[in-house]
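Since the structure is predicted, the reported quantities are computational estimates derived from the model, not experimental observations.
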Amino acid sequence: RGHARQVLCKCLGCGKEFIRLLGNIRRSTVGMCKACSIKKRCTTHGLSKHKLYYVLKDMIARCYDKTHHKYYNYGGRGITVCDEWYNEDDGMMNFYNWSMAHGYKEGLQLDRYDNDLGYCTENCRWVTPAVNNFNRRNTRGYRFHNNRWEAYITINKKMLHIGYFDTEDEAREARKAAEIKYYGENSPAYREVTDG
């Protein structure tokens, strides 16, 4: 067909012979006819309609698809997905089993303990949206305002004023104390205290 070479192939799934462009064979890792390939993809885990399927799919896209609108915050910063979840054959089942064993339920969001590390079993947890928003990189919880340092924290989508302080260190410490008070063990400050 034009200048493209075609090759006679034998499906690893059903044994049926089919013709495929040589370039497509080089890019493919499946080695099956279209029907078997679709069947394998649709019956691998049976979870393609489950919400966790879309969580994992979007996680992988953010980390590896340069056209994803959030890539710069994830893959662009070196954030990756562990092999256990990224695995094409049983990654979805691994992620599903881990999620069910670690408190997943409807309405919770996947959060990383350390935002500079990737998605893996040791660095992830299921949390409420409030805790997830709280654990963002850009959430300092204090700012220089009216010639003083103001500390604040967001509780149930409302900003709670903690107080004004003379130094940045004082504002940071007040914010950490508020984190522990309102978020307990879910807060990065709590982990700093218990790990240190």
Taking all heavy atoms of [X] and all of [Y], pick out the closest pair and write down the distance.
X      : Y      : value
Asn94  : Glu84  : ND2-O, 2.9 Å
Asp116 : Asp114 : N-OD1, 2.9 Å
Ala178 : Ile162 : CB-CD1, 3.4 Å

Distance (rounded to the nearest 0.5 Å) between Asp58 CG and Tyr74 OH: 8.5 Å
Has [X] got a side-chain atom pairing as donor or acceptor with [Y]'s backbone, closer than 3.5 angstrom?
X      : Y      : value
Asp111 : Val127 : no
Arg175 : Ala171 : no
Asn87  : Asp90  : yes

4.5 Å side-chain heavy-atom contact, Glu106 and Lys51: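 Yes, their side chains come closer than 4.5 Å.
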For Phe18, all residues meeting ring pair (Phe, Tyr, Trp, His ring centres under 6.0 Å), sequence neighbours excluded: none
Aromatic contact, Trp149 with Phe165 (centres under 6.0 Å): no
Check: His69 ring centroid to Tyr72 ring centroid under 6.0 Å: no
Over-ring placement of Arg112 relative to Tyr119, 6.0 Å and 45° cut-offs: yes
Steps toward side-chain contact (heavy atoms from CB on, under 4.5 Å) verdict (Phe95, Val55): CA-CA 10 Å; Phe95 180 63; Val55 171; 3.9 Å; yes
